[in-house]
Chemist: 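Okay, handing you the structure first.
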Amino acid sequence: MRSTKFLGLTGAAAVMTLTLAACGGTDASGGGDSTELRLALNQTETHPSYIALDNMGQNLEDATGGSVSVDVYANETLGAQQEAIQLVSDGSVDMAVVSGTQLENLNPEFQVFNLPGVFDNVEHQMSVVGDDAIVGELYASLEEQNLTVLGGFTQGTRSIYNAKAPINTPEDMQGMKVRVQESDVQLDMIKAMKGAPTPMAFGEVYTALQSGVIDAAENNEVSYLTQKHSEVAKYFSNTNHLVGLDYVVINTDAYEAMSEEDRTAFDEQWDAAVTEHTALWTTETEKAHTELEAAGVEFNDVDAEAFQTALKPLIEKYVKTDSAKKIYDAARAAAK
Ligand code: GCU
């Protein structure tokens, strides 16, 4: 079933992106013109997703003799993820990186991969989301919305950070306003951890933390650093409550408009981008941790069992239908 409750396009983003799309005037039919695929990203240019996709674009341009390239627009310049997914669906933007939370609003079966406890670690997650036997049908379900899911990029392990004091147990989060992505799973996840969830776009989190509109947020160390959230919320508590997942999506018409040769090159470069991203994830997380410690961030370990117990009921709540169970069981069976 399709849910559009979170979909909405801000006027400014729409006008800007439609104008950009019109500038291209490209022809992906292989008839000699070059196609520049515009990709919407909400991260900075130092984030692994930018680096891997920017490299993908350059390598693709070389591999196709200039026929196809990818241009990555960082920092939400083409709109926050909630708008970006709609722009890719309607073709005004060609590609986007969106969190799994956005895809659960298009097809609730994506919720399974957004749940705490589904993935043990990045390696497990990447083996599942790269396995066509597990994800093939799920990904294909978005084709009716003109979206082709190329695959997943890890978000790594996510934890809670705030400006007041270290968190050790869910009780410490009682009454805390915690920013969440626009998703039912995320809302319930923070409620289960005893916090008060506040949905908001990624790009608004820094100011919301700074002004006290929210008390806390949750993310991986890489985004915590690159978005500078560490400047305004220096207590990073290792709740490790979730291994998050991003997807890279492309407008199906744009994908199919490529010549067979160009599409083969595109698919090869996409595979290379996933490999590069996963490798970068490890090194950039280590670098971020060192940099954050040097900048005075206070890391602490939590009562992991208390958080696991609090979060467990989410699986029962969200893994209900036969198809959700099938995806969940296959994902868990792939855990080592
Ligand atoms: C991560 C993820 C993004 C997501 C963000 C968020 O940084 O990679 O895709 O938008 O978290 O919390 O909104």
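Each ligand, and each atom within it, is numbered from 1 in the order the structure gives. All figures in this text were calculated on a predicted structure; none of them were measured in a lab.
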Chemist: Tell me whether Glu231 at atom CD has more than 12 heavy atoms from other residues, nucleotides or ligands lying less than 6.0 Å away.
Modeler: yes
Chemist: For atom 3 (C) of ligand 1, what is the closest protein heavy atom, and at what distance to 0.1 Å?
Modeler: Gln43 NE2, 3.4 Å
Chemist: List the closest protein heavy-atom neighbour of atom 7 (O) of ligand 1: residue, atom name, distance to the nearest 0.1 Å.
Modeler: Ser223 OG, 2.8 Å
Chemist: Kindly work out whether a path of hydrophobic side-chain contacts (I/L/V/M/F/W/Y, heavy atoms less than 4.5 Å apart) joins Met189 to Ile160.
Modeler: yes
Chemist: So which of Arg179, Gln186, Glu76, Gln155 gets nearest to atom 6 (C) of ligand 1, if we judge by its closest heavy atom?
Modeler: Arg179
Chemist: Does Asp184 come within less than 4.0 Å of Lys317, counting only side-chain N to carboxylate O?
Modeler: no
Chemist: List the closest protein heavy-atom neighbour of atom 11 (O) of ligand 1: residue, atom name, distance to the nearest 0.1 Å.
Modeler: Arg158 NH1, 2.9 Å
Chemist: Kindly confirm or rule out an N or O of Glu218 lying under 3.5 angstrom from an N or O of ligand 1.
Modeler: no
Chemist: Would the distance check show the side chain of Tyr50 and the main-chain N or O of Leu41 forming a donor-acceptor pair, the cut-off being under 3.5 Å?
Modeler: no
Chemist: Could you tell me whether Val98 approaches ligand 1 through its side chain, its backbone, both or neither, with non-hydrogen atoms closer than 4.0 Å?
Modeler: neither
Chemist: State plainly whether the residues Glu260 and Arg263 are in salt-bridge range, i.e. N to O under 4.0 Å.
Modeler: no
Chemist: Looking only at distances, please establish whether an N/O atom of ligand 1 is found under 3.5 Å from an N/O atom of Asn42.
Modeler: yes
Chemist: Using a strict cut-off of 4.0 Å, indicate which atoms of ligand 1 neighbour a heavy atom of Asp246.
Modeler: 2 (C), 3 (C), 8 (O), 9 (O)
Chemist: Indicate the ring-plane relationship of Tyr206 and His229, choosing parallel, tilted or perpendicular according to the 30° and 60° boundaries.
Modeler: tilted
